[in-house]
Amino acid sequence: MSSYSTIETQSVEAANGVTYAYRSLGSTTDLPPLVLLQHFRGNLDNWDPALIDALAGERRVITFDNRGVGATTGETPHTVGAMAEDAIEFLTALDLARVDLLGFSLGSFVAQEVTLRRPELVNRLVLASAAPQGASGMHGWASEVIQAVGAEVPSAEGYVGVFFTSGEVGKEVAGRVFGSRTEGHDAPTTWATRLAQYDAVNDWGIPNHAQLQRLEAITQPVFVANGDSDPMILPRYSYLLAGLLPHAELKIYPDSAHGFLFQHYDEFATDVIEFLSK
């Protein structure tokens, strides 16, 4: 099988006029494809190839840049709702009538919104480093976190400090994420994308407990996961989210932070595959 670090980037034009950049790995089977939604400021190159390769062993896995991100055309929206609409446009352009979704961080917000807006499209849902809309304390990230990952020029030190509890683990994962691909890189995300995405994060986090009731409408099975020391989206939001969803499973991974799914990629991939196969 090919590896995520070597597969070529493809593109598809959607009915909204946006040309989406995406990568597809794994064989087409009777199972719904697993579509991944990326974190704040992340593009196609910010997925850990080790995780994608492990997930693609038994099913088709699709990663993509949403509107205005990386090599995808258009302007990045300023709300999660608009990002969800664009994600649905991408899935429609690929003629995908039923998918499993894995949303990571900001991508987990978008995944929730896609499921609420187009429930017949989503089979099962994986929410990594996630929080529900309107939860108290989610209006923006702690100053040290946004300074680390939200600077105009991103730094490796900021990424490692927020995503991992150990510098050595962080360097190891960063080596895979940023060093495995030698050609065919995605376009970097822009400052305009960073500003728009953080607007969306802040809008999602405006305290409004009435918004929490929306989760009752997500009746699909959901796997909620996080690291036990995530400084960006605190683990307590995973407990809150799992408690509000009608059919949720929860797992907190030890000695890990925001990037737990990369640090524990083998275990996480096994857990996800098992969950999706139920």
Side-chain angles (χ1 to χ4, degrees), residues 4-5 34 36-42 45-57 61 63 102-109 111-112 125-132 135 137-138 140-151 154-180 201 205 222-245 248-276:
Y4 188 73
S5 60
L34 176 60
L36 277 57
L37 297 112
Q38 184 59 292
H39 65 72
F40 175 69
R41 302 190 80 175
D45 292 342
N46 285 95
W47 290 109
D48 185 350
L51 173 62
I52 306 301
D53 291 353
L55 291 171
V61 176
T63 63
L102 190 164
F104 174 28
S105 191
L106 173 58
S108 76
F109 305 167
Q112 292 173 60
L125 189 59
V126 179
L127 301 176
S129 301
M138 268 298 297
W141 291 317
S143 59
E144 62 271 17
V145 170
I146 193 60
Q147 288 171 12
V149 299
S155 71
E157 294 79 9
Y159 170 81
V160 169
V162 169
F163 276 61
F164 307 99
T165 56
S166 161
E168 289 303 312
V169 170
K171 290 177 183 177
E172 178 184 342
V173 175
R176 295 197 305 266
V177 173
F178 302 110
S180 296
V201 168
V222 184
F223 178 45
V224 179
N226 203 351
D228 65 356
S229 301
D230 187 349
M232 198 168 192
I233 300 180
L234 303 180
R236 68 170 180 258
Y237 296 111
S238 297
Y239 287 97
L240 175 62
L241 188 60
L244 291 167
L245 291 162
E249 301 176 22
L250 171 67
K251 182 169 181 178
I252 304 296
Y253 293 76
D255 303 319
S256 56
H258 199 64
F260 77 92
L261 66 171
F262 300 162
Q263 177 179 339
H264 296 288
Y265 72 88
D266 195 32
E267 180 180 359
F268 179 69
T270 298
D271 291 339
V272 169
I273 291 168
E274 180 180 345
F275 167 74
L276 296 178

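Numbers for residues simply follow the sequence, beginning at 1. Heavy atoms only: backbone and side chains are in, while hydrogens, waters and symmetry mates are out. Quantities reported herein were computed from a predicted structural model and do not represent experimental measurements.
- Among residues two or more places apart in sequence or in another chain, the side chain to side chain contact (heavy atoms under 4.5 Å, CB included) test is passed with S5 by S3, P49, S180.
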**OP:** May I have the step-by-step check of side chain to side chain contact (heavy atoms under 4.5 Å, CB included) for L36 and I52, ending in yes or no?
**Re:** CA-CA 10 Å; L36 277 57; I52 306 301; 3.3 Å; yes
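- Taking S155 as the reference, E157 meet the side chain to side chain contact (heavy atoms under 4.5 Å, CB included) condition, with sequence neighbours excluded.
- Residues forming a salt bridge (Lys or Arg N to Asp or Glu O under 4.0 Å) with E172 (at least two apart in sequence, or on another chain): R176.
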Below 3.5 Å, can you tabulate the donor-acceptor pairs from side chains in residues 231-240 to any protein atom, sequence neighbours excluded?
| residue | atom | partner | partner atom | Å |
| --- | --- | --- | --- | --- |
| Y237 | OH | S136 | O | 2.7 |
| Y237 | OH | G137 | O | 3.3 |
| S238 | OG | N226 | ND2 | 3.4 |

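- Every residue was checked against the salt bridge (Lys or Arg N to Asp or Glu O under 4.0 Å) condition with E144, not counting sequence neighbours, and none meets it.
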* Just do the side chain to side chain contact (heavy atoms under 4.5 Å, CB included) check on Y159 and V177 with the steps written out, would you? => CA-CA 12 Å; Y159 170 81; V177 173; 4.1 Å; yes
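- Every residue meeting the side-chain hydrogen bond (donor to acceptor under 3.5 Å, both in side chains) condition with H258, not counting sequence neighbours, appears here in chain and number order: S105, D230.
- In this structure, the side chain to side chain contact (heavy atoms under 4.5 Å, CB included) partners of A148, at least two apart in sequence or on a different chain, are V162.
- A side chain to side chain donor-acceptor pair (under 3.5 Å) with Y4 is found for one member of T63, D53, D48 and no other, namely T63.
- In terms of heavy atoms, G158 sits closest to V149 at O-CG1, 4.0 Å.
- Between I252 and G227, the shortest heavy-atom contact is CG2-C, 4.0 Å.
- Residues passing the ring-ring contact (aromatic ring centres under 6.0 Å, His included) test with F109, sequence neighbours excluded: W204.
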Side-chain donor-acceptor contacts of residues 261-271 below 3.5 Å, not counting sequence neighbours, with atom names and distances?
| residue | atom | partner | partner atom | Å |
| --- | --- | --- | --- | --- |
| Q263 | NE2 | D255 | O | 3.0 |
| H264 | NE2 | P254 | O | 3.0 |
| E267 | OE2 | K251 | NZ | 2.6 |
| T270 | OG1 | D266 | O | 3.0 |
| D271 | OD2 | K251 | NZ | 2.8 |
| D271 | OD2 | Y253 | OH | 2.6 |

Taking it one step at a time, do F178 and N46 satisfy side chain to side chain contact (heavy atoms under 4.5 Å, CB included)? CA-CA 7 Å; F178 302 110; N46 285 95; 3.4 Å; yes
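- Partners of S256 under the side-chain hydrogen bond (donor to acceptor under 3.5 Å, both in side chains) rule, at least two apart in sequence or in another chain, do not exist in this structure.
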